[in-house]
Structure formats: structure tokens, C-alpha cells
Amino acid sequence: MATELRAVVLLSAGIDPVSGRPAPVGTEIRAIGLARALGARMIGLHAGPAAPVLREYAGYGLADIVCLDGAGHDPVAALARAIVSGSLFTDGTVDLVLAGRRASGGMDSGLLPYAVAERLGWPIVADVAEGQVAVPASRPPEFDVEQARPRGTRRAARVAAPCALAVHDVASCVPDFVFARTRMAVLRTMPSGLAEPSAPVTETVEERAYRRRPRLIASTATQAPGGQVLVDPPPQDAARAIIDHLRALGVLPPPAGS
Amino acid sequence: MGLVLVCLAWGLAAGVLLAARGLARRWRQGRPVRVDWVAGLAAVPRRYLVDVHHVVERRPEAARMHVPTAGGLLAGSVALMLAVLPALRGSRVYWAVVAVLFAAALWGAILVRRRRRPVVPSFLSAGMFLWLPAALGAYAGGALLLALGMLAVPGGGASPLLLAPLLLAVGGAGGLLVQFARGPMRHAFAGTVWLAAHARPGRFGGGRDTALRPLDLDAPRLGALAPSDFAWTALASFDACIQCGRCEQACPAFAAGQRLNPKALIQDLVAATRGGSAAEPYSGSPAPNAPPVACRGSMDAPVIGVDAMIHPDTLWACTTCRACVEECPMMIEHVDAIVDLRRGQALMLGQVRPGAAQALRRMRDSAEPGGRPLAARADGLAALDVPVLPEGGETDILLWLGEGAFDLRYGRTLQALVRLMRLAGLRFAILGEAETDCGDLARRLGDEATFHLLAGEAIATLKARTFQRIVTADPHALHVLRNEYPALGGHWTVQHHTALLDELVTGGALRLAPRDLPPVAYHDPCYLGRYNGEIAAPRRLLDAACGTRVEMERHGMRSMCCGGGGGNPISDVDGAARIPDLRMAQADAAGAAIVAVGCPGCTAMLEGVPAPRPEVRDIAELVLDAVVTA
Amino acid sequence: MTGRLRRDPRAERAARQVGLGARPRFDLAQPPGGRSPGGGVSGIGPSGRIRRDPRAEQARLLVPGGDRPRLVRGGTGGTGTARVSAPAPAQVIRVDDPACLVVAIPDLPDGRLDRLDRQVLGAARVLADAASGAVVMLGGAAHPDLVQEAAQAGADRLAMVDTALPGQAVLDPEYRAAVVCAALAALSPRHVLFPDSDDGADLARRVAAHTGQGLMTGVEVLTARQAIRPCRAGRREQISAPPALMTLAPDRVAPYAGAVREARLLPGGVDPVPVLPVPGRIRASAPRAADPATMKLAEAPFVVAAGNGVTDFGLFRAVVADLHATPGASRVVCDAGLMPRAAQVGASGTVLDAVCYLAFGIAGAPQHLQGLGRVEHVVAVNTDLHAAMVARAGLSVIADAQRVMPAIRDALAAEGG
Ligand SMILES: Cc1cc2nc3c(=O)[nH]c(=O)nc-3n(C[C@H](O)[C@H](O)[C@H](O)COP(=O)(O)OP(=O)(O)OC[C@H]3O[C@@H](n4cnc5c(N)ncnc54)[C@H](O)[C@@H]3O)c2cc1C
Ligand code: SF4
Ligand code: SF4
């Protein structure tokens with residue numbers, strides 16, 4: 001690569017959905033993998049105090065993690081400020097902001113990368129399943145990304161640096177976890193530079209333990225037969241029953257003629 | 001002439017010493033370890049004569065070969081060296097003794113030759129082994145003839161007739177030196193050093209030492225990436241391998257064609273220390289189906305990789321069953337070597353198989369390899385209302401459920417066990433949601449960091465509660481809790497459920513009436529049998545609970561693995577067959593209609609064997625069926 | 001607008017359609033010129049109570065999971081139905097003086113409402129009805145049937161905007177967001193609802209980031225008084241009054257099932273057409289459907305898998321291709337090298353997210369069934385009636401796979417020829 005990309009990976013202090021224990025977020029791990037796939041040098045950026053779980057991201061390939069102290073009340077401003085400050089990389093500005101499409105452990109709205117991009121005035125492409133630097137190389141570099149869409153569908157998009165990419169869960173660029181890296185990682189704390197909020201932020205949002213609620217059934221399924229067992233049918237009947245069932249579910253296209 | 005022979009013997013000894021120095025120099029490039037040489041060397045004769053021969057004797061023909069060859073050669077040569085004393089040189093008795101010793105060695109050489117005639121069996125190696133009998137025979141035969149000559153012509157003139165045998169002996173000695181410096185004969189020296197400096201002295205004299213050693217996670221290099229990362233004693237142990245192929249014959253992964261041959265693995269490690277393809281080429285059976293590798297290596301170069309010596313799949317096929325270790329006459333610790341290599345791959349490079357990487361991540365994130373909620377572990381026991389021991393609580397027996405408890409099938413085993421414990425009036429409890437993974441899987445996969453994390457949590461949980469002992473139906477958990485937690489500060493009495501049930505039946509707390517069942521064969525779990533030596537209690541229980549018990553050919557300490565250990569099932573190494581299928585076929589061949597098991601891993605693996613096959617029942621289930629309630 | 005004649009939305013739309021491309025676009029700057037083709041003045045007062053169709057309602061409220069269907073009652077389930085009334089589909093409900101507007105912005109794949117789009121409109125109805133408001137559907141490129149669909153789905157108004165970048169073949173999500181922001185600014189709605197789909201959520205976040213308004217994503221419960229969404233890795237939930245911007249999680253709120261709504265086309269598009277400071281920063285192409293044969297197993301909607309009961313793998317692969325499915329396999333088959341390891345379904349293989357799973361000769365060991373975690377519909381072909389896979393299946397055929405597979409091929413071939 002002609003010029004080396006400088007990427008910032010946004011990190012959250014995630015929790016594991018099953019156990020509720022602190023754990024790195026899968027999409028953010030993939031964001032690290034995407035940065036590696038793009039051949040970028042990277043710094044992890046976390047708006048908030050240093051937490052032990054951040055060190056785990058280091059195992060996936062982030063050698064340098066910066067925590068922004070005092071960013072709690074306005075993480076978007078703090079992150080954007082740090083990204084444009086020029087103080088993250090010693091040799092240049094940030095080309096790329098990478099994030100997971102949704103955090104796991106906070107409000108999990110997926111809004112943060114958009115808000116940061118908006119603040120920076122950079123374009124953002126979300127749901128990235130894979131990406132590469134576009135050829136021919138240009139300055140600023142362009143990226144060809146594939147956005148994941150339902151049912152394995154993909155959408156190609158091209159975007160130029162500086163930009164933000166939010167990575168989808170289906171991205172296959174999961175880097176290997178290397179314990180030895182976690183020992184070498186540097187966790188730095190930098191002041192966020194934000195003024196203390198004049199008035200304490202009052203959150204009106206009420207929270208409680210999640211309640212699982214049943215979903216509406218798929219409309220197609222109501223038409224499909226259920227729990228049906230055919231014992232020793234003639235193969236033709238079996239084939240017909242299966243084909244009809246698959247059509248009722250909508251997974252098999254109707255016959256060409258109809 | 002006598003003096004010439006003396007010179008020959010001393011010359012041979014000097015050559016051997018020189019070659020030994022070369023070996024020692026190579027080993028010194030390994031990681032230094034402290035060795036208690038005084039105690040070690042003092043123990044060598046006993047370790048050799050008792051422990052090694054205990055293993056060698058399992059193959060009488062091998063023992064018959066080795067005793068005259070090694071004994072005759074060593075004693076004859078030492079005797080010849082003693083002939084520096086002129087008095088001995090003049091003694092006919094002395095020459096008669098020398099002749100007898102070399103005659104024995106010659107007979108040994110003939111037997112060595114016979115092992116590979118008319119064809120080299122698949123488990124043996126060819127290469128330098130092919131002319132080893134010739135070198136042995138020439139040296140022993142030449143020396144024998146010369147000794148006979150000395151016997152016939154006392155004082156020993158320089159009869160030209162003796163020139164031919166002399167040349168023969170010199171030639172043979174030269175050949176033996178080559179065999180010693182570069183070939184299999186180095187096993188004599190390397191084996192002796194390894195016996196003296198063995199990494200697991202507790203194994204000798206009928207003891208057992210199977211716990212993996214904790215790794216210092218702050219060390220700059222973790223595990224073994226290159227040969228020089230191994231302890232030097234381990235390097236010596238690799239040189240001690242005589243390529244007898246017993247490990248290969250015992251290895252379940254090899255039998256299933258899963259890219260692993262412990263013998264080839266050890267030899268590849270040896271070759272790596274000698275410069276890869278530059279070394280004497282390996283001529284035994286390779287790791288089955290393993291894709292070709294570049295065969296490049298050196299003391300400090302990576303050993304694992306397609307561009308190195310050993311294909312990565314080889315490492316992950318191992319079930320850590322210790323069958324190879326059990327069979328190895330040189331007391332080599334294959335599992336330690338494999339785990340060292342796995343540690344290097346996992347901790348330094350993050351190179352584990354995808355299924356394993358996923359399990360390891362879940363273990364780090366949610367303390368459970370399947371990523372299931374910890375509260376679901378006891379779901380299978382929900383109907384039985386087993387008390388949960390809270391922090392600070394006290395009970396007699398803590399029942400450790402293990403990973404298998406998440407599986408419905410294994411839940412039935414645990415239900416049977418709980419019912420039996422209730423019948424016996426025991427006071428017990430489970431940890432409920434507080435039970436986390438014990439770390440067995442992480443440790444066998446070489447991820448010592450995750451093991452330490454999990455073990456630390458489990459030890460803290462256990463320390464916060466009071467109980468007399470831990471009972472578990474999972475031999476893997478048993479091994480970790482009983483043998484591996486002590487090094488991390490957790491000391492408890494840990495019992496397998498079959499030991500507890502045996503105690504209850506023997507003590508009269510449970511009465512059994514043998515049921516009229518079709519033949520039952522017991523499959524020993526590796527981690528209960530070989531790792532913990534418990535092979536009697538389960539059989540006693542089955543004898544009390546079932547009508548006929550049959551034994552598979554491989555049973556007890558030499559049982560064959562079900563394929564479920566060491567992370568093999570989640571590592572998904574391609575093979576030609578599946579280990580549990582092979583094991584089930586053995587049960588079938590033994591005429592068993594029921595295979596009794598005592599491990600969730602074995603249950604899952606053997607139940608995964610396609611039908612028709614014998615039924616799989618846990619001992620607890622069979623005992624519950626046979627219990628007589630008054 | 002009171003007392004206006006009923007309009008023929010279809011004719012109006014046709015009148016506004018510009019160009020003849022595959023994707024019709026509408027020029028909303030043109031005043032509606034269509035004339036009512038007669039028919040009674042609609043608008044049902046609060047008088048007419050609806051007759052309920054319990055059967056249909058039940059069908060809509062069925063929930064998946066478990067062998068026995070469960071119903072969601074109460075909550076938001078029936079609000080849409082109970083509040084509005086329409087004795088016969090011929091009559092159309094009109095809201096003429098809405099107290100407020102609730103905007104729904106459906107995805108409109110292929111220019112039509114999909115399942116989640118209808119739910120979004122249903123949710124918008126819930127909010128609008130409680131506040132005597134009107135539901136405005138904000139849409140783009142449309143199918144000819146869209147207006148009618150929107151009317152049935154509960155839209156009182158239709159605001160059509162062109163979100164494609166003028167003169168460009170590529171899509172620019174930033175432009176789309178800018179157009180939507182401009183349209184919303186003109187409408188000043190009380191609530192805006194998006195589907196929590198990939199595209200819908202993307203748009204919603206762009207709009208929220210741009211306008212600085214709070215966004216509640218993935219709402220699972222929505223009533224007039226509160227909206228509930230999961231947070232903290234799905235372990236907790238957040239409850240608040242319905243905020244300005246929301247994305248609605250799939251299958252949580254029932255679609256509107258009341259009488260047809262007016263779906264009156266609002267005049268104007270966005271005026272002025274927004275100009276991005278840097279247009280075309282993101283150039284996205286149209287989604288490409290994945291090739292089922294090669295797509296990732298974890299994402300495949302329809303997986304056909306072979307187990308130990310399959311002996312003829314050539315035949316199996318042919319059936320998979322004929323069914324346009326993605327091939328999978330049990331571990332036994334992968335261990336034997338008959339299918340690639342990447343095809344393995346199960347605990348140590350891939351966990352599926354498919355709509356349907358068709359298993360030939362797979363017993364259904366627990367480790368295998370773990371791989372079917374989220375699969376709703378399972379079809380089993382197995383010689384063993386008592387196989388666990390048969391118990392898991394919605395349709396089971398107890399027969400030799402080697403005989404059923406060719407029959408499927410033949411049946412499909414007969415249809416095609
Ligand atoms: C730790 C662990 C992890 C595992 N992970 C996985 C995993 O990820 N994925 C996985 O699949 N397995 C996994 N297994 C293996 C699993 O336990 C089973 O062994 C395996 O799933 C069985 O595959 P099967 O159903 O194809 O074969 P079988 O068990 O042999 O079943 C074959 C089925 O085909 C039926 N059948 C036979 N002939 C015919 C015919 N002519 N026509 C129709 N039907 C026929 C039989 O009735 C039977 O039901 C794992 C096991 C362990 C221990
Ligand atoms: S490792 Fe041991 S058992 Fe295996 S071939 Fe070498 S000496 Fe024999
Ligand atoms: S431990 Fe078992 S599987 Fe591993 S090499 Fe030895 S015999 Fe083979």
C-alpha cells in the first residue's frame with residue numbers, strides 16, 4: 001500500500017448478552033479485523049474511564065487504546081474532538097473511523113457512530129460485511145465495501161476517506177485472539193477536554209429487567225401445515241408434499257409457469 | 001591382540017562420549033530447568049529396571065530382544081574396557097565371560113534383524129534401523145570371535161586369523177558410533193538422561209503424575225513455538241524415542257486417520273532440532289492424511305505450520321488421552337509436548353481451530369464454552385429440587401455438575417445420581433448458577449490464560465463455601481479439581497460418582513440386586529482411568545448391578561479414548577474415520593449390548609455413533625435400576 | 001379539505017408518474033388532477049362499530065415457537081383494530097382535521113409494502129388514533145399498487161418524495177436522509193416511525209444524527225403511552241413515552257387490520273430539493289441477491305442438509321441446486337469428507353439463521369440441533385419415525401432419502417417443462 005491508513009476503532013465497554021459479564025462486543029472485534037484487512041494502523045478509542053475489558057480488545061489486535069476521561073456526559077463530542085485533534089497519531093490525521101453497528105451493554109441504539117460522523121462531517125456506511133481499499137489507489141483513498149442485507153444479500157458501496165464504517169455482525173473478518181498481545185497493549189487515558197456539564201444531566205429514561213415477549217407469527221407460516229408426518233408415502237407424494245410445504249413457507253419460488 | 005580389543009572398546013567409549021557431548025550441546029539450547037541430578041541418577045537403575053521394563057514386558061518379544069542386545073552390548077563393552085588390567089587379559093575365565101556377553105549381544109542383533117524381516121511392520125521405522133542389526137552383529141560377532149580367539153590362544157598372539165574378526169568388530173563399532181551420533185542408538189544415552197531428569201518423577205514406582213504444569217503467564221514466550229522453547233529435558237526425551245511405534249498403535253487419532261501420529265510427531269520434533277530436511281529422514285508411518293509440509297526447521301525456527309515441520313491439524317487432533325504416554329517404553333510425555341505446542345499456538349499466535357476459538361471466546365466472556373446461561377446448567381435437575389449451596393453455606397457433599405449437565409441426555413445421568421444419593425441419605429447441594437466452567441477444555445487447548453481465569457473464579461467460588469468433599473460425574477472436572485487446582489491454591493477431596501456409589505454399595509447404604517441384562521462392557525474414561533488410576537470401582541459396581549460384564553480388548557489403563565477429550569470434538573480435524581465409531585465397534589466385537597460409561601464426554605461421543613450400536617448407559621443409571629429399596 | 005370527493009389514488013398516481021423506467025417515480029409537485037369516479041362519500045363517523053372477525057384476528061396474533069400456537073392479547077395487539085371501525089371494505093375512513101401527524105417511513109422493497117412496513121404503519125396507527133392524528137406514509141419509488149396497499153395498511157396520507165440522487169444511477173443514503181429530513185421538516189410530525197431493518201435503521205439513524213432528535217431503536221412494545229425497547233445487551237429494557245423518532249422491531253406490533261384508509265396523496269414533494277454540501281460521498285448500488293450455492297451458511301434463508309442417511313451425494317447436490325438452497329451437512333458427513341467442513345451445521349459448526357431447514361437422513365443429535373437455534377421451519381426426511389429431527393420438524397417424511405430426492409427432482413423438472 002502506498003500510504004498507510006490511520007484508523008480509529010471506537011470501543012465500548014460491552015457486556016456479554018447471556019452472562020451479563022463484561023465482554024468485548026462482537027461487531028467491534030470485527031471492526032478491528034476490518035481495519036487489519038484494510039491494512040490500517042489503528043488506535044482504539046473509548047469514551048469513558050479505562051475498564052479491564054478493553055484489554056481484551058487488545059488481544060484481537062489493538063495495541064494502543066486511548067480512554068477519554070470525563071467524556072461520560074457527551075461521548076459524541078469527546079470522540080469527535082479526539083479524532084480531529086490530531087493528537088492520536090503522531091504522524092497525521094485520522095482517515096477512518098470504525099465501529100460496531102451497535103454496542104452491546106449500553107443503550108445499544110447504534111446511533112453513536114452516526115452521531116460522531118455527523119459531528120465530524122464525514123460520511124458513514126453501516127452494516128459493513130467486508131471492505132477493501134479501492135483500486136486504482138487514489139488520494140484520499142477510497143473504500144469498496146459490501147453492506148450486509150437480509151438473507152445473505154449484499155450491497156456494494158464506495159466511499160472515500162475520511163469516513164466512518166460501522167461493521168455488521170455477519171462480517172467474517174474476526175481476528176484471532178492472541179493472549180500475548182493483551183499483555184503488551186498500552187491503555188492510555190487522555191482528558192476528554194470537555195467542559196463539565198453546567199447542570200447535572202437528568203436522565204428520564206426508566207429501565208428494568210428485560211421481559212421476553214412473544215412475537216407475532218410470520219404471516220406465511222400460518223398457511224403452512226405444521227407437525228405433519230407422512231409415513232412411507234410413495235416418493236412422488238412425499239416430493240409433492242415437501243415442495244408444497246416449501247412454497248407455502250416462501251422459500252421455494254413458485255413454478256416457472258404460474 | 002587383547003590390547004587392540006581394549007583400545008577398540010575404549011575408542012568406542014570415547015566416541016560415544018563425544019557423540020553424547022554433541023547431543024548434550026543441542027539439548028542445552030532448550031529452556032533451562034532445575035534437575036536434581038543426585039536423586040535422579042540414583043533412581044535411574046530402579047526406573048529402568050522396574051518402570052521401563054514394566055512397559056517393555058507388555059511385548060514379550062521386544063523384551064526378549066532388548067535384554068540380550070542392550071545387556072550383552074553394554075556389559076561386553078564395559079568388560080572389554082576393564083581389560084586394561086593386564087591380569088584380566090591373561091585370564092581365560094575373563095575371556096569366557098566376554099565371549100558369553102558378546103554371544104548374547106549377537107543373539108540380540110539377530111533378533112533385532114528379525115523384527116523387520118521379511119517386511120518392516122507399519123508401526124516400525126526403516127532407515128538407519130535397516131543396517132543397525134548389521135552394525136550390532138559385526139561388533140558383537142567380531143568381539144565374540146576375538147574373545148574366543150583369546151580363549152583358544154591364551155596370551156593372545158597376533159594371529160593373522162584374528163584380523164578378519166578384528167576388522168569386523170572395528171567396522172561394527174564404527175557403525176554403532178554413527179548410529180549413536182545420528183541414529184536410533186542415541187536412545188541409550190538420551191533415555192538414561194531423560195530417566196534421571198524426568199519431568200514427572202512422580203510417575204515412577206507405581207505413582208501417578210498427570211496434571212499439566214501451570215504456565216507463568218508473564219514469561220516473555222509462552223508455550224513452545226520452536227524446539228528451543230521446550231525444556232531441555234523434553235528435548236532429551238525426544239532423542240530418547242526409539243521409534244518402536246507403540247504410541248502410534250495406541251493413538252485413537254491415528255487409528256481414525258486424523259492427521260496425528262505421536263511417533264511421527266516426536267520424530268518431527270527431533271528433525272526440527274536437527275535442521276528439518278537436513279536431518280536423517282523419518283521412515284516410519286507419517287501422520288495419516290496430513291497435507292505435506294515444507295520440512296523446514298531449526299532449533300529456533302517455528303515447528304508448526306505448512307512451511308515448517310508439523311501440520312497444524314496434527315496438534316488439534318490429540319484427545320490428550322495419554323494412551324501414547326502409557327505405552328511408551330521411553331517414558332516420553334507426548335501430551336506435555338503437544339500441550340506445550342498448543343500453548344505456543346494459542347497464546348502467542350491465537351492459532352486455534354475455528355470451533356475452538358469460538359468456545360474459548362465464550363469461556364472468556366461467559367465462563368461457559370457453549371455460551372449458555374449458567375442458570376440453565378441445573379435445568380435437568382429442576383424436578384428433583386436439589387438445594388443450591390449459597391455463598392457461606394455448608395453441606396457434606398458438593399455436587400459439581402460440569403459442562404455435560406447442559407445436555408438433556410446427560411441430565412438423566414445426573415438425575416439417577418441424585419436419586420441414588422437421596423436413597424443413601426446423603427446431604428448434598430449444587431452450586432447452581434455459581435458453577436462456572438472448570439477450565440479443562442481451555443487448558444487442554446493450550447489456552448492457559450483462559451484456564452487461569454476460569455480456575456481462579458471456580459476456586460474462589462468453592463472457597464466461599466464449606467463442604468467435606470466434591471463429587472462429580474465428570475472425570476475431566478474431577479481431574480482438574482483434584483489434580484490441577486492444588487497448584488493454584490485449591491485443595492479439596494474430589495471423588496468420582498462411581499467411587500462414591502461404590503463406597504455406598506460396599507458400605508451397605510445402597511443395596512443392589514444384579515439385573516438380568518444383556519452383556520455390559522465398561523468403557524474407561526481416560527481422565528478417570530489413565531489420569532486417575534480408578535478402574536476398579538466402576539467394575540465392582542457393574543458386577544453388582546448387572547448380570548454379565550464383558551471386557552473390551554482395550555480396557556482399564558490401556559483403554560481406548562472415545563475421542564471426546566482435549567478439544568478434539570470442537571476442533572473438527574478431518575479424518576478417515578471417527579474415534580467413537582471405532583470404539584463402539586470394539587464394544588460390539590466384545591459382544592456387548594450395553595456400553596457402560598462414566599463421563600458426559602463419552603456419553604455424547606458414543607451416543608453419536610450411528611445406529612445400530614450397543615446402548616449407552618451411565619453407571620449411575622444402571623445402578624439406580626438395580627437398587628433394592630427396602 | 002372536508003367534503004371533498006373521494007379520489008382515485010390509482011388514477012392520481014398514474015397521472016403523476018414520470019418516465020417509464022422499471023422503477024416508477026412520482027412528481028408530487030404536480031397537483032392531483034384525477035377526478036373521483038363517483039362512489040359514495042366516505043368517512044365513517046365514530047358511530048359505526050366494526051364487526052370483528054375473531055378468526056382473522058387470531059391468525060394475526062399467533063406467535064411462533066413451541067408446538068402450540070400462543071396468542072398475544074392485550075398490549076398493542078388489538079388496538080389498531082378496536083379503535084377504528086369499518087363494516088365493509090368498500091367504505092374508506094378519512095381523517096380530515098388531524099390533531100397531529102404520525103409519519104411512517106417504510107422500506108418499500110420493490111416499491112411495495114413488506115411485512116415489517118405494514119407493522120410500522122400499524123404502529124403509527126396506534127399512535128395517531130390515540131391523539132386523533134393522521135398517519136402519513138412517506139414513500140419513494142413505488143409500485144402501481146402501492147397506494148391501495150398503503151390505504152389498506154392504515155395510511156391516511158401519502159407523501160411521495162424522490163430519494164434517488166438526481167441524474168445518478170447509484171443510491172446515496174445521505175441524499176435520501178436529506179430528502180427525508182426536509183420532508184419531515186415540512187410535515188412537523190409528532191412521531192416518526194421507521195422499520196428496524198437494515199435500511200430503515202440506517203435512515204433513522206442518519207435522520208436522528210442530523211436533526212439531533214432522540215431516537216429509540218428496536219422498539220418492541222408500543223402503545224400510545226409508552227414505548228419499550230431492549231438495551232444493555234438485551235438484558236434490560238428501556239421504557240419511555242413514545243419519542244419523536246423510533247424504529248420498530250419486526251413482528252412486535254400487529255399490522256393495521258381495520259377498514260381501508262384514505263391514503264390521500266399530499267401535494268408537493270420536497271421543496272426546495274435539498275442540496276448536499278458534497279453530493280455522492282457514498283455511492284451504493286442496488287442490493288445483489290446472493291447465490292444460494294455459495295452464500296454463507298449462517299446467513300442462508302433456506303438450507304438443505306444431508307446426514308448419515310444420505311448415500312448418494314451427487315444426487316443430494318443436484319437436489320440442493322434444484323431447490324435453490326444452500327447445502328449443509330451433519331458432522332458425520334463432514335467428518336467423512338463427503339461434504340466440506342464449512343457445510344457443517346451444529347454446535348461445533350454453523351448456527352443457522354434460516355427460515356427453513358430441510359434435513360435428509362439426519363438423526364438430530366443435540367449437538368446438531370443446537371445449530372438450528374433460530375430456524376422456525378424444519379422438514380425432515382428420515383427412515384426413523386422416532387428420530388429427534390422428526391420431533392423437531394413441522395413436516396416429516398418417513399422414507400428413504402435416496403428415493404425421495406429423485407422424486408423431488410422429477411417433480412420440479414415436470415413443473416419446469
Ligand atoms: C462435542 C460434540 C460436538 C458435536 N458437534 C456437532 C455438530 O456441530 N454438528 C453435527 O451435525 N454433529 C455434531 N456432533 C455429532 C453428533 O453427536 C452426531 O454424531 C451427528 O450429528 C449425527 O449425524 P447424523 O444425524 O447425520 O448421523 P446418524 O446419527 O447416523 O443419523 C442418521 C439418520 O439418518 C436416518 N437414515 C438412515 N438411512 C436413511 C435413509 N436411507 N433415508 C433417510 N434417513 C435415513 C437414520 O434413521 C438416522 O436418523 C457433535 C458431537 C460432539 C460430541
Ligand atoms: S514415542 Fe515412545 S512409544 Fe512412541 S515410538 Fe517413540 S519410544 Fe515408541
Ligand atoms: S494423547 Fe492420545 S490422542 Fe494424543 S497423541 Fe497420545 S494417544 Fe494420540
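Sequence lines set the chain letters: A, B, ... in the order given, protein chains first and strands last, and positions in each chain run from 1.
Both the backbone and the side chain of A:Pro150 come within contact range of chain C, each with at least one heavy atom under 4.5 Å from a heavy atom of that chain. Using a 4.5 Å cut-off between heavy atoms, A:Leu112 makes no contact with chain C at all. Of the atoms belonging to A:Ala156, heavy atoms from both backbone and side chain fall under 4.5 Å from chain C. Contact annotation for C:Val397: both backbone and side-chain heavy atoms come within less than 4.5 Å of a heavy atom of chain A. The part of A:Arg240 that comes within reach of chain C is its side chain, from C-beta onward, which places non-hydrogen atoms under 4.5 angstrom from that chain. When heavy atoms are compared at a cutoff of 4.5 Å, A:Val18 approaches chain C solely by way of its backbone atoms N, CA, C and O. Of the atoms belonging to A:Asp16, it is backbone heavy atoms, and not side-chain ones, that fall under 4.5 Å from chain C. The contact between A:Ser19 and chain C is made entirely by backbone atoms, counting heavy-atom distances below 4.5 Å. Proximity to chain C (any heavy atom under 4.5 Å) is shown, for A:Ile242, by both the backbone and the side chain. With a threshold of 4.5 angstrom between heavy atoms, C:Leu323 approaches chain A through its backbone and through its side chain.
Ion pairing between A:Arg213 and C:Glu237 holds under the 4.0 Å rule for side-chain N and carboxylate O. Salt-bridge check for A:Glu130 with C:Lys296: failed, with every basic side-chain N at 4.0 Å or more from each acidic carboxylate O. Taking the charged nitrogens against the carboxylate oxygens, A:Arg154 and A:Glu146 have no contact shorter than 4.0 Å, which rules out a salt bridge. Between A:Arg155 and C:Asp199 there is a salt bridge, with a side-chain nitrogen of the basic residue lying less than 4.0 Å from a carboxylate oxygen of the acidic one.
Among C:Arg206, C:Met295, C:Arg235, C:Arg229, the residue making the largest number of heavy-atom pairs under 4.5 Å with chain A is C:Arg235.
For C:Asp107, the salt bridge (Lys or Arg N to Asp or Glu O under 4.0 Å) criterion is met by no residue, not counting sequence neighbours.
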Show which side-chain atoms of residues 94-106 of chain A pair as donor or acceptor with protein atoms under 3.5 Å away, not counting sequence neighbours.
unit_1: A:Asp95; atom_1: OD1; unit_2: A:Arg139; atom_2: NH2; d: 3.4
unit_1: A:Asp95; atom_1: OD2; unit_2: A:Arg6; atom_2: N; d: 2.8
unit_1: A:Arg101; atom_1: NE; unit_2: A:Asp127; atom_2: OD1; d: 2.9
unit_1: A:Arg101; atom_1: NH1; unit_2: A:Asp169; atom_2: OD1; d: 3.3
unit_1: A:Arg101; atom_1: NH2; unit_2: A:Asp127; atom_2: OD1; d: 3.4
unit_1: A:Arg101; atom_1: NH2; unit_2: C:Asp198; atom_2: OD1; d: 2.9
unit_1: A:Ser104; atom_1: OG; unit_2: A:Ile15; atom_2: O; d: 3.3

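More than 12 heavy atoms of other residues, nucleotides or ligands sit less than 6.0 Å from atom CZ of A:Arg208.
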